[in-house]
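See below for the structure under consideration.
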Amino acid sequence: MKDLVNLQSAFMALDKDETGRILYDVKKIAESKFSIINLVNKYDLEIKDGNQQQVLIDFSQFMDIMTNNIIYNRQRFGTEATCYESDQSNVHCLI
């Protein structure tokens with residue numbers, strides 16, 4: 001749940017002009033190494049420039065993309081967490 005709140009805060013911070021839509025760099029989408037056209041069709045994205053580098057997305061599309069990025073990255077890197085101990089605190093990370 002905290003991740004969703006953080007994503008909402010991130011979107012609001014990116015939406016500086018408060019239009020409900022933001023420009024987003026296609027390269028930041030984990031699935032972008034696949035066909036950009038398939039990606040645009042999957043999320044119904046509006047390409048903002050001719051080079052297909054940025055898309056205009058709304059909050060719902062942003063949440064779908066970010067959720068799928070999290071799932072994609074966890075599958076890619078594994079879901080096992082390793083605990084690293086330090087003097088200050090324990091740190092968990094995905095490996």
Side-chain angles (χ1 to χ4, degrees):
M1 185 61 131
K2 186 176 178 182
D3 288 342
L4 296 177
V5 172
N6 290 340
L7 287 175
Q8 183 177 18
S9 297
F11 183 86
M12 290 175 11
L14 293 170
D15 187 16
K16 294 179 179 141
D17 54 1
E18 299 181 1
T19 61
R21 300 177 87 190
I22 61 170
L23 277 176
Y24 200 75
D25 188 347
V26 173
K27 293 177 186 174
K28 292 181 181 177
I29 302 173
E31 302 164 272
S32 69
K33 63 181 156 193
F34 305 118
S35 169
I36 298 299
I37 299 303
N38 289 342
L39 188 65
V40 166
N41 291 336
K42 177 179 180 179
Y43 295 110
D44 193 27
L45 304 178
E46 179 183 333
I47 297 172
K48 191 62 179 169
D49 63 25
N51 297 326
Q52 299 180 341
Q53 297 298 310
Q54 292 194 331
V55 290
L56 197 58
I57 60 175
D58 62 23
F59 179 71
S60 177
Q61 292 166 320
F62 178 79
M63 292 300 286
D64 282 348
I65 290 167
M66 292 300 104
T67 302
N68 286 334
N69 276 356
I70 291 167
I71 292 167
Y72 176 83
N73 287 327
R74 286 187 180 166
Q75 288 172 340
R76 185 169 169 222
F77 296 113
T79 57
E80 296 297 319
T82 302
C83 181
Y84 295 94
E85 296 182 22
S86 70
D87 293 337
Q88 287 81 26
S89 66
N90 291 342
V91 177
H92 294 270
C93 66
L94 295 175
I95 297 182

Would Gln8 and Phe59 count as a side-chain contact (heavy atoms from CB on, under 4.5 Å) here? Give the steps. CA-CA 8 Å; Gln8 183 177 18; Phe59 179 71; 4.0 Å; yes
Ile65 and Met12: same hydrophobic cluster, using ILVMFWY side-chain contacts below 4.5 Å? no
Could you give the distance from OH (Tyr43) to OG (Ser60), rounded to the nearest 0.5 Å? 11.0 Å
Calculate, to the nearest 0.5 Å, the distance between atoms OH and CE belonging to Tyr24 and Met66 respectively. 3.0 Å
Hey, does the side chain of Gln61 reach the backbone of Asp44 with a donor-acceptor pair shorter than 3.5 angstrom? yes
With rounding to the nearest 0.5 Å, note down the distance linking OG1 in Thr67 to CZ in Phe62. 9.5 Å
Nearest heavy atoms of Asp15 and Thr19, plus distance in Å: OD1-N, 3.0 Å
Backbone N or O of Ala10 within a donor-acceptor pair of the Asn6 side chain at under 3.5 Å? no
If you measure from CZ on Arg21 to CG on Leu56, what distance do you get to the nearest 0.5 Å? 4.0 Å
To the nearest 0.5 Å, atom NZ of Lys42 lies from atom CG of Asn68 at 4.5 Å
Could you state the interatomic distance from CD (Gln54) to CG (Leu23), rounded to the nearest 0.5 Å? 5.0 Å
Evaluation steps, side-chain contact (heavy atoms from CB on, under 4.5 Å), between Ile57 and Ile22: CA-CA 6 Å; Ile57 60 175; Ile22 61 170; 3.7 Å; yes
